[in-house]
Protein chains: 2
Amino acid sequence: MKRGKITMNDVAQLAGVSTMTVSNVINDRVRVSPEARERVLAAIRESGYQINAAARSLRSGRSGVIGLAVPQVGNPYFGMFAELVIAEARRHGYHIAVEQTGAVALGETAAVAQSRRLQLDGLILSLSTAEAESSLLQTTEQGLPIVVLGEQDPAGRFDHVSAPDEAGAAAATAHLVDLGCKRIAVVTGGNLDRLTMFTRRYNGYRTALEDRGIRPDPKLRFIVDSLTREGARSTGHRIADSGLGVDGVVALNDIVAMGVIRGLRDRGVAVPDDMRVIGFDDVPAAAYFIPSLSTVSPDHEWKAAKAVELILSRIEDPLAPPREYTAPFAIVRRESTA
Amino acid sequence: MKRGKITMNDVAQLAGVSTMTVSNVINDRVRVSPEARERVLAAIRESGYQINAAARSLRSGRSGVIGLAVPQVGNPYFGMFAELVIAEARRHGYHIAVEQTGAVALGETAAVAQSRRLQLDGLILSLSTAEAESSLLQTTEQGLPIVVLGEQDPAGRFDHVSAPDEAGAAAATAHLVDLGCKRIAVVTGGNLDRLTMFTRRYNGYRTALEDRGIRPDPKLRFIVDSLTREGARSTGHRIADSGLGVDGVVALNDIVAMGVIRGLRDRGVAVPDDMRVIGFDDVPAAAYFIPSLSTVSPDHEWKAAKAVELILSRIEDPLAPPREYTAPFAIVRRESTA
DNA sequence: TTGTATGCGTTATCAT
DNA sequence: ATGATAACGCATACAA
């Protein structure tokens, strides 16, 4: 049991074979005689040898590590999603390195650059800004396989897995209509000019209303004060104080939904008695909130598995045409719309 | 703008200097003439050169990456903590790679092995099993700098940052006593034989009661059914159904506290009207829960900064004596103990 | 089946 | 201040 760094060469000497035989045993490459293999394995055990990832990566050009870049690891949705991706990648013999972009173009671009620096084999990028797009294009040209989640590349140049934004939001809205809500507000994000996740969920809301002969009232469209729990809470205050007779709220995601409910509660508005609220994502906390949160539940496992599948085939074949998938979903009815 | 891999050599040729000069410019090592530096920087920009981390790491023996191994990235506490550590490490020019151990010894040991494989410069390890200890010891001997969070190494052989478990739980309990609670239950984790986080928080509860002349009633000690939201919820059911006249609950952490409140609510027990509940950690969701959760709020920034500081000095000086720190805390009073 | 030579891209050392 | 050379540890290509 030697200390410090033991190299393949040390193992080879110990086993009385050449370095290549050790390498072959480790990588299970060519056929190695049972005796040689046994001696090598024994030498590895005995020496406590650990393969040097840097050297292997330098030589082979592959690291066995895939990056997962998310806006914030502390966000319940991305935290849960990261767990699933980590588990799925491990099943395929890959390791996930979690990056944090801060949901800004700069961070997303940096994650891409970082990925190349770190010799990642690919990057699963949860995109939230279209601004990062140009640098992405540049990057793929330089050969980093990328799978995009969330925001869509309008040009369709990347493999992409998206949430069922429109259909999910439409189903959520329909759920409220079916429950008899007459004045259904929507809480969405900032700029609705570009086709972002916000826009698509908002469009789902509109479509659902129009399909049922209800004219969407622009006054019932609330832009969340900021994409934080606090911003959602104060938006809840605004809804409560609006005097618009709101009796249902479609929130753009669960964090916002819970924040809004909290804000309503600050104003003495009870959910679901006075107002019904439905979210989007089905984060783990949703079922344990009080009231438990009705929500659009995309198939997270499916999404994670698809993202991993896509990045692996992209690594395999960089020139294949990009593929595009949308996760299936279900509406989960809980107390907040009871 | 060449495609594919541009090496330092390419940059050097482009700038009309040697590779070493490029290296020196990039690493800001020795004095380089302003003209040479300018030419090199221009060549880097023009070529889109990215340093090859594998090669650098192989040569220098350092990767600039520190591992952060946590039980689950999806856990709100660890997610939040990871965010802080990432930010702090970046300030020092280091990159964080988040690992997930699954809170099992096997995973924790694996994270350590993985860290060496991946040529991480150090590992901040949130330990939850004492079983991982032996392999840790072995590892440090082999030279991987480690800072341990959470579970304490009884032998005190590692740098360590812990939460104010005893003092925090004691203060939480005292808070309930001060509010007039007479039958204060505690919800804690499994095995109380070893000195784990559970044990220490439980001890804090006991001490606080005894200090105020209250004999801790063993019947009021509830072992959480499992360390999940669902386990906490069913523990809430048990407390509600116990007929023990519980009027206050000290929960071992916020996730458990919220789960318990949810379980109580399932049984029609209102918090804080019928029973007061206090948690531990002050996770981001705590302030937005309904009722908002009173809790022990350790200084998370402080903890993150300390962990990074410790790992950096450990990397700097592997032989320095281990240091031990406990985070300061405050009791945050919210609705759940109003 | 196994071994030898070579080079991946960078940096430490030494020389100029 | 800058350059030449070697070496980090592994795997590819080829030879034996």
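Note on naming: letters A, B, ... go to the chains in the order of the sequence lines (proteins, then strands), and numbering restarts at 1 for each one. As a basis for the values below, the full set of heavy atoms in this structure was taken, side chains included, without hydrogen atoms, waters or symmetry mates.
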**OP:** Please assess V32(B) against T21(B) for the test side-chain contact (heavy atoms from CB on, under 4.5 Å), listing each intermediate value before the final yes or no.
**Re:** CA-CA 7 Å; V32(B) 178; T21(B) 301; 4.1 Å; yes

**OP:** Could you tell me whether M8(A) contacts a base, only the sugar-phosphate backbone, or nothing, with contacts defined as non-hydrogen atoms closer than 4.0 Å?
**Re:** sugar-phosphate

Subject >> Which residues share a ring pair (Phe, Tyr, Trp, His ring centres under 6.0 Å) with F81(A), sequence neighbours left out >> reply: none

Original post:
Is a donor on one side and an acceptor on the other found under 3.5 Å between the side chain of D121(A) and the backbone of G64(A)?
Top reply: yes

**OP:** Give the angle between the helix axes at the two ends of the helix from dT1(C)-dA16(D) to dT16(C)-dA1(D), taking five base pairs at each end and rounding to 10°.
**Re:** 30°

Original post:
Reckon A36(A) touches a base, only the sugar-phosphate, or nothing at all at heavy-atom distances under 4.0 Å?
Top reply: sugar-phosphate

**OP:** Hey, which sits more toward the 5' end of DNA chain D by its nearest nucleotide, E35(B) or S60(B)?
**Re:** E35(B)

Original post:
Does the S47(B) side chain pair with the main chain of V11(B), one donor and one acceptor, at a distance under 3.5 Å?
Top reply: no

Original post:
Does some side-chain heavy atom of I51(B) sit less than 4.5 Å from a side-chain heavy atom of R56(B)?
Top reply: yes

Original post:
Is E83(B) reaching over with its side chain to a backbone N or O of G74(A), donor-acceptor style, under 3.5 angstrom?
Top reply: yes

Original post:
First contact, last contact: which nucleotides of DNA chain D are these for chain B, 5' to 3', heavy-atom distance under 4.0 Å?
Top reply: dA1(D) to dG9(D)

**OP:** Select from A55(B) and S33(B) the residue whose nearest nucleotide in DNA chain D is closer to the 5' end of that strand.
**Re:** S33(B)

**OP:** Mark yes or no for whether D10(A), through its side chain, and T7(A), through its backbone, hold a donor-acceptor pair below 3.5 Å.
**Re:** yes

**OP:** Kindly indicate, with the supporting measurements, whether the criterion side-chain contact (heavy atoms from CB on, under 4.5 Å) is fulfilled by L68(B) and I66(B).
**Re:** CA-CA 7 Å; L68(B) 171 64; I66(B) 293 169; over 6 Å; no

Original post:
Roughly how far, to the nearest 0.5 Å, is CZ of R59(A) from CG of L58(B)?
Top reply: 12.0 Å

Original post:
Hey, where on DNA chain C does chain B first and last touch, going 5' to 3'? Cut-off is any atom under 4.0 Å from a heavy atom.
Top reply: dG9(C) to dA12(C)

**OP:** Sorted by first residue and then second, give each salt bridge (charged side-chain N to carboxylate O under 4.0 Å, His left out) pair with at least one member in residues 32-41 of chain B; sequence neighbours left out.
**Re:** D28(B)-R37(B), E38(B)-R45(B)

**OP:** Return each pair, listed once, that meets salt bridge (charged side-chain N to carboxylate O under 4.0 Å, His left out) where at least one residue sits in residues 308-323 of chain B; pairs must be two or more places apart or across chains.
**Re:** D159(B)-R314(B), K306(B)-E309(B), E309(B)-R323(B)

**OP:** Indicate, with a heavy-atom threshold strictly under 4.0 Å, whether N27(B) touches base, sugar-phosphate, or nothing.
**Re:** sugar-phosphate

